[in-house]
Amino acid sequence: MRFELTPKEFRRLLDLVYIGNWVLNSTRGNDRFQDYDDVESKLFGLCRGGGMSVLVEQRGGVCVPSQAYVDGGIHEAIACYEDNVFFELLAEELSRRDMNYPDITDDNYEEMIRRIGEYMEEFEVSGVDHLILDNE
């Protein structure tokens, strides 16, 4: 398979592959999906001949994203995504709890959305600072 990308498009593809591999493998420890690591390595290896050699380094004979790449802002994008997912899931779970964990139906959907919205507004203002755990 062959396709052509501009340098800018290729750089965006590297970001997508890195982020995707991070999502799939960052929490797996030694049980990583090696085939995704291999694809990432293959794509980053192309940086050596394409004027983007600063984005790749070799470790143990394998091409990996360089420290310059990793430190270049990609993790800020991942952190923003993780924060959004965390707060959205937390708002939904708290809303479901408040409603006694119903199955979502046409009858209670609007109420669920309203509650989620209220929690999201609070999280945007205060994060988790106002959450209190009740041990009873």
Side-chain angles (χ1 to χ4, degrees):
M1 174 184 295
R2 291 186 167 270
F3 60 98
E4 291 189 29
L5 299 172
T6 66
K8 183 176 181 177
E9 291 169 332
F10 180 69
R11 181 66 174 79
R12 298 297 180 254
L13 179 61
L14 291 175
D15 290 346
L16 291 170
V17 168
Y18 183 86
I19 290 169
N21 197 26
W22 176 268
V23 169
L24 288 169
N25 277 323
S26 67
T27 61
R28 297 189 61 82
N30 292 329
D31 191 28
R32 294 176 66 88
F33 294 115
Q34 187 60 47
D35 50 342
Y36 288 95
D37 284 337
D38 294 344
V39 169
E40 180 185 79
S41 178
K42 188 174 190 176
L43 284 174
F44 272 86
L46 296 173
C47 293
R48 292 183 303 198
M52 297 182 184
S53 59
V54 70
L55 301 178
V56 64
E57 56 192 49
Q58 198 128 358
R59 284 193 212 127
V62 176
C63 292
V64 296
S66 68
Q67 197 61 49
Y69 174 84
V70 171
D71 293 341
I74 195 70
H75 282 275
E76 284 81 0
I78 292 169
C80 182
Y81 168 78
E82 289 172 339
D83 285 349
N84 284 329
V85 169
F86 169 77
F87 284 115
E88 288 173 4
L89 289 172
L90 182 58
E92 182 176 344
E93 288 301 314
L94 291 171
S95 297
R96 291 177 59 78
R97 179 210 56 194
D98 294 349
M99 296 173 65
N100 295 315
Y101 300 101
D103 290 332
I104 304 304
T105 65
D106 289 341
D107 293 334
N108 63 15
Y109 178 78
E110 292 300 322
E111 175 68 12
M112 175 67 78
I113 295 302
R114 183 188 66 73
R115 287 173 184 263
I116 289 171
E118 288 175 357
Y119 276 113
M120 290 302 291
E121 287 175 17
E122 175 61 29
F123 296 150
E124 287 175 22
V125 172
S126 302
V128 295
D129 291 344
H130 294 160
L131 288 179
I132 297 172
L133 297 177
D134 185 355
N135 291 330
E136 292 181 22

Tell me whether the centres of the aromatic rings in Y69 and F44 are closer together than 6.0 Å.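 Between Y69 and F44, the centre distance is under 6.0 Å.
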Would you give the length of the straight line joining atom [atom1] of [X] to atom [atom2] of [Y], rounded to the nearest 0.5 angstrom?
X	Y	atom1	atom2	value
D15	R12	CG	CZ	6.5 Å
I113	N108	CD1	CG	10.0 Å
D35	D38	CG	CG	7.0 Å

Got a donor-acceptor contact below 3.5 angstrom from the [X] side chain to the [Y] backbone?
X	Y	value
E57	Q67	yes
S41	V64	no
R59	V62	no
E9	T6	yes
N25	R32	no

I'd like to know if E111 and R115 make a salt bridge, using a cut-off of under 4.0 Å between side-chain N and carboxylate O.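 Looking at E111 and R115, the cut-off is met.
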So, R114 and E110, do they make that salt bridge, N to O below 4.0 Å?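 The answer is no: the pair does not qualify as a salt bridge.
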Of all heavy-atom pairs between [X] and [Y], which one has the smallest distance, and what is that distance?
X	Y	result
V54	A68	O-CB, 3.9 Å
I116	S95	N-OG, 3.2 Å
Y119	D98	OH-OD2, 2.6 Å
E40	V17	CA-CG1, 3.7 Å

Can you hop from I19 to F86 via hydrophobic side chains spaced under 4.5 Å?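 As far as the 4.5 Å side-chain criterion goes, F86 and I19 are not connected within one cluster.
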Using residues 72-84 as the side-chain source, report each donor-acceptor pair under 3.5 Å to any protein atom, sequence neighbours left out, with the distance given to one decimal.
residue: H75; atom: NE2; partner: Y18; partner atom: OH; Å: 2.7
residue: N84; atom: ND2; partner: C80; partner atom: O; Å: 3.3

